[in-house]
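Convention: sequence-line order gives letters A, B, ...; per-chain numbering from 1. Bear in mind that the values here come from a model prediction, so they are computed numbers and not experimental data.
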Amino acid sequence: MDLRALGESFIAMLENMGIPEGWVLLINWVLGALAVLVVALLLAIFLIWYERKIAGRVQDRLGPNRVGPWGLIQPFADALKLLTKEDITPDKADRITYNLAPIIAVFHILMLFLVIPFADKVVGANINVGVLFLMAFGALGTLAMLMAGWSSRNKYALLGGFRVVAQLLSYEIPVGLAMLTVVMLRGSMNLNTIAQGQGGVFGLGWYVWILPAVFVLYFVAALAEGERAPFDLLEAESEIVAGYNIEYSAMKFAWFYLAFFLNTWVLSAVAVTLFFGGWQGPFAAQLPILGVFYFFLKVFIMFFVFAWVRATFPRLRIDQMMSFCWKALVPMGLALFLAVAIVLKLGLPSAATNALLFIVNVVILFATLKLLGNYTKDLSHNKNKRLFAPELPRL
Amino acid sequence: MTVPLSWYLIFATALFSLGFFGVLSRRNAVAVLMGVELMLNAVNVNLVAFWRYLTPTDLSGQIFVVFVFTVAAAEAAVGLALMISIYRTRKTINIDEINDLQH
Amino acid sequence: MLVQQYGLIGVFAVIAFLFPIVTLAFTWLIRPKRSNPLKNSTYECGIETVGDAWVQFRAQYYLFALIFVVFDIEAIFLFPFAVAFNKIGLFALVEAIIFVFILLVGLIYAWKKNALEWQ
Amino acid sequence: MVGQILFIFIAVVTLLMALGVVVARNLFHAALFLIGVFFGIAALFILLEAEFLAMAQIIIYIGAIATLIVFAIMLSKGMMGRESGAYNKQWYFAGGAMVFFFGLVSWLLVKMPFKTISAQVPNDAIQQIGSGFVGHYVVPFEVASVLLLVALVGAIMLARERNS
């Protein structure tokens with residue numbers, strides 16, 4: 001079954017009914033938008049259950065198991081509870097900004113769903129600036145949290161707001177550099193085109209085999225972008241209570257919560273699209289519906305890794321985290337970008353280029369790890385220095 | 001292309017005038033900076049509109065806009081750093097109270 | 001083609017913006033409203049709030065946002081460069097490398113001045 | 001026709017937001033209005049078929065500059081609340097100058113004939129922009145990076161706390 005053919009036959013049916021062309025287009029858009037919206041919301045409900053189940057298993061618990069089979073209905077019960085809870089707005093809060101913040105948080109995360117290709121050409125908006133679209137609307141999320149932090153008029157919330165700026169803005173740079181390197185390799189910012197370029201049998205064409213260090217860079221930075229442990233300092237319960245969303249309750253809190261889970265899902269989906277071939281898989285070219293299946297399978301495996309890391313690692317200190325971004329990840333990203341650019345311009349045959357890219361990536365990854373390792377070893381002898389704030393290596 | 005070029009230009013003029021008003025009339029330096037940003041945006045709208053209607057096949061218009069972005073960002077970064085620095089010593093950033101050079 | 005894609009984005013943007021507003025309005029209708037001054041006061045670990053929450057912070061935090069802005073602009077320059085990468089010559093690559101290196105000097109300067117430390 | 005309605009809608013909303021930037025007493029609200037203006041202009045760029053610039057507008061103006069402004073407001077205690085006197089003494093003069101300027105320029109614009117041509121935007125627009133940076137516009141490209149470097153150094157000098 002071809003999904004595009006289905007859509008086209010639907011358009012033809014509407015046109016046959018004598019509806020003018022403009023209206024057909026509009027109906028098409030509204031239906032497409034509603035489809036993406038429903039997918040996003042169902043995903044959010046499912047992801048909450050999925051993550052809680054994973055966290056439970058990792059920590060030797062059962063996770064939700066009371067409501068429905070395997071606790072599958074649990075998120076619906078939670079949603080119902082949150083819908084009917086009393087909503088408290090602090091008297092001192094700046095009301096307009098306070099109410100606008102969760103709306104923008106949901107808005108930005110839903111927008112990101114538009115450019116993710118679920119299968120070949122099965123994508124909300126197949127635009128040529130897909131990667132920039134991700135960066136643009138991703139940045140709106142930072143703003144929503146800043147608004148929440150400021151408008152609550154609460155010291156913890158404001159402190160959380162400052163951490164948002166520091167963390168999310170900083171880690172946007174390594175994420176951007178990783179995306180930039182992939183874009184350079186493919187020569188396109190269209191996410192569908194990038195996924196298309198990773199064909200080959202048994203996933204041999206995936207960019208993760210060519211650019212492993214870039215994937216590691218993306219993954220580590222994405223952990224921070226998704227506010228996940230070990231980088232969850234925005235809402236470190238034991239330090240700043242809950243950070244920017246401390247004063248939020250009921251549905252407004254639920255929107256932040258939903259944005260958090262969907263954000264991780266989008267980050268996993270982008271990782272899959274950029275590095276793991278997106279919807280590519282055996283027979284996906286012949287049978288597009290299989291592409292959707294492969295895509296979701298890969299994304300859920302990726303999401304599992306994110307949840308696994310979150311359930312396993314302890315939290316970093318904020319100064320360690322900032323140093324790690326600017327002094328390790330950003331130089332590493334720039335080095336990778338330059339190295340990949342130079343290797344691509346050498347003009348070698350494509351197999352040799354790919355092999356050389358792989359070697360360069362591994363070398364840079366290990367060089368970074370070695371420098372970091374040496375530095376931490378140094379520190380264990382020198383107690384005056386702060387751990388994990390690497391100084392410029394002497395050249 | 002149903003929208004005439006002059007509509008864009010008049011829109012940009014209106015935006016520029018509002019920014020101009022903000023720059024001239026606000027006391028707070030950050031508000032003045034916001035007015036400057038409005039004016040720069042008006043210029044960008046003009047550049048892109050001219051590019052689209054006069055030379056759509058030559059991408060120079062768009063490249064110019066990216067340079068305007070750069071200048072705007074540099075201006076905002078330095079301007080705000082200046083304000084934070086002044087605020088730290090003076091506890092005010094009202095422009096008519098920062099007048100050391102007048103005496 | 002462009003109209004096709006961006007029309008959908010426009011329609012979706014309106015829906016995505018209205019959707020949370022509608023749900024918030026809906027919960028406003030069905031939720032209980034029993035507020036009292038104590039409930040609506042600012043939370044501060046269960047004790048009385050001390051002073052105003054909007055306090056003076058150190059400007060050190062501002063530096064991170066600043067360095068971010070510079071690198072963000074750099075990304076905007078480099079993305080079209082990356083898209084055009086296959087079509088351009090070796091000399092163009094050298095220019096891009098110079099571009100990145102000039103910014104790297106900025107990063108090293110910030111590093112040396114301890115602007116990258118969270119204190 | 002649809003394009004015209006869309007343009008008028010976006011333009012009116014954007015101008016109202018811009019008015020909000022100028023008149024809002026609370027600086028934070030002014031910054032929020034400013035974000036709205038930036039968004040409206042990104043929408044206009046889409047109408048003008050400059051998709052790269054629309055995204056760059058959102059990334060730079062909303063993601064970077066607006067965040068910087070909001071952050072600067074948050075950093076200064078006195079700026080967060082309502083301002084007592086938002087306008088200086090010469091605001092009526094500024095208003096007059098604004099109305100005069102707008103009237104003069106729009107009169108000129110209506111009078112002035114422009115030779116518009118209707119051609120398609122090339123499909124590889126982003127690629128052309130990219131090769132433009134390292135081709136014809138290479139000097140401004142490098143100067144831009146020097147400008148950013150100077151801005152970074154200057155701003156760090158200004159904002160750094162000296163006692164440490």
Side-chain angles (χ1 to χ4, degrees), chain A residues 25 29-30 32-34 36-37 83-92 102-103 106-107 110-111 114 124-127 132 153-155 158 162 165-166 169-170 172-173 176 180 183-184 187-189 241 246-247 250-252 255 318-319 322-323 326-327 330 334 338 341-342 344-345 389 392, chain C residues 4-13 15-17 19-21 23-24 26-28 30-35 37 39-45 52-55 57 61 64-65 67-68 71-72 75 78-79 82-86 90 93 96-97 100 104 107-108 110-112 116-119:
Chain A
L25 210 57
W29 286 339
V30 171
L34 287 177
V36 176
L37 185 72
L83 266 170
T84 52
K85 278 279 176 182
E86 183 176 358
D87 194 339
I88 300 168
T89 308
D91 285 332
K92 282 184 173 172
I103 293 168
V106 175
F107 169 73
L110 289 177
M111 288 303 280
L114 270 184
N126 192 11
I127 52 174
L132 282 182
R153 205 155 183 174
N154 178 306
K155 290 189 192 93
L158 198 59
F162 283 116
V165 177
L169 287 190
S170 300
E172 240 169 70
I173 299 299
L180 184 67
V183 167
M184 185 167 63
S188 171
M189 283 199 271
V241 197
I246 178 172
E247 292 285 5
M251 211 51 207
K252 285 179 205 143
W255 284 138
I318 185 132
D319 59 313
M322 300 307 297
S323 299
W326 286 108
K327 299 180 177 176
V330 170
L334 286 173
L338 291 179
I342 290 168
L344 282 177
K345 268 284 173 273
L392 272 180
Chain C
Q4 267 277 323
Q5 311 300 345
Y6 285 98
L8 177 74
I9 290 181
V11 170
F12 189 76
I15 291 179
F17 198 76
F19 170 69
I21 297 179
T23 44
L24 285 180
F26 176 67
T27 56
W28 183 78
I30 61 170
R31 74 185 185 216
K33 296 179 203 70
R34 285 185 293 271
S35 69
K39 222 187 240 177
N40 289 355
S41 62
T42 307
Y43 173 77
E44 202 165 296
C45 289
D52 191 2
W54 289 343
V55 291
F57 275 89
Y61 304 135
F64 288 103
I67 304 165
F68 161 77
F71 276 83
D72 217 25
L78 288 180
F79 266 107
V83 172
F85 188 74
N86 298 325
L90 200 62
L93 176 63
I97 290 175
V100 173
L104 214 63
L107 184 67
I108 291 171
W111 195 329
K112 284 278 181 204
L116 301 178
E117 304 286 341
W118 181 276
Q119 286 156 346

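When all heavy atoms are compared, the tightest approach of A:Met184 to C:Asn86 is O-OD1, 4.4 Å. For A:Gly176 against C:Phe79, the heavy-atom pair with the smallest separation is O-CZ, 3.9 Å.
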Evaluate A:Trp326 against C:Phe68 for ring pair (Phe, Tyr, Trp, His ring centres under 6.0 Å), listing each step before the verdict.
CA-CA 10 Å; A:Trp326 286 108; C:Phe68 161 77; 8.0 Å; no
Please walk me through it: do C:Phe19 and A:Trp255 pass ring pair (Phe, Tyr, Trp, His ring centres under 6.0 Å)?
CA-CA 11 Å; C:Phe19 170 69; A:Trp255 284 138; 5.5 Å; yes
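When each of C:Ala75, C:Ala13, C:Ala96 is checked for heavy-atom pairs under 4.5 Å with chain A, C:Ala13 comes out on top. Contact count versus chain C (heavy atoms, under 4.5 Å) is highest, among A:Ile342, A:Val36, A:Ile173, A:Val330, for A:Ile173. Taking C:Leu107, C:Leu104, C:Val11, C:Asp72 one by one and counting their heavy-atom pairs under 4.5 Å with chain A, the maximum is reached by C:Val11. Of the listed residues (A:Leu344, A:Leu114, A:Thr84), the one with the most heavy-atom contacts under 4.5 Å to chain C is A:Leu114. For the set C:Leu90, C:Ile21, C:Leu24, C:Ile97, the entry with the most heavy-atom pairs within less than 4.5 Å of chain A is C:Leu24. Between chain A and the residues C:Ile30, C:Thr23, C:Ile15, the largest count of heavy-atom pairs under 4.5 Å involves C:Thr23. When each of A:Val183, A:Leu338, A:Leu180 is checked for heavy-atom pairs under 4.5 Å with chain C, A:Leu180 comes out on top.
Proximity to chain C (any heavy atom under 4.5 Å) is restricted, for A:Leu334, to the side chain, taken from C-beta onward. With a 4.5 Å cut-off on non-hydrogen atoms, A:Leu83 touches chain C through its backbone and its side chain both. For A:Leu37, the parts lying under 4.5 angstrom from a heavy atom of chain C are both the backbone and the side chain. When heavy atoms are compared at a cutoff of 4.5 Å, A:Lys345 approaches chain C by way of both its backbone and its side chain. Proximity to chain C is limited to the side chain of A:Leu132, based on heavy atoms less than 4.5 angstrom apart. Using a 4.5 Å cut-off between heavy atoms, C:Leu8 touches chain A through backbone and side chain atoms alike. For chain C, the nearby parts of A:Leu169 are the backbone and the side chain; heavy atoms of each come within less than 4.5 Å.
Considering only heavy atoms from C-beta on, C:Leu93 comes within 4.5 Å of C:Phe85 through its side chain. You'll find the side chain of A:Leu110 reaches within 4.5 Å of the side chain of C:Phe12, heavy atoms only. Residues A:Trp29 and A:Leu34 have side chains not in contact (no heavy-atom distance under 4.5 Å, counting atoms from C-beta outward). In this structure the side chain of C:Ile9 reaches within 4.5 angstrom of the side chain of A:Met111, judged on heavy atoms.
A distance of 10.5 Å separates NZ in A:Lys327 from CE in A:Met322, rounded to the nearest 0.5 Å.
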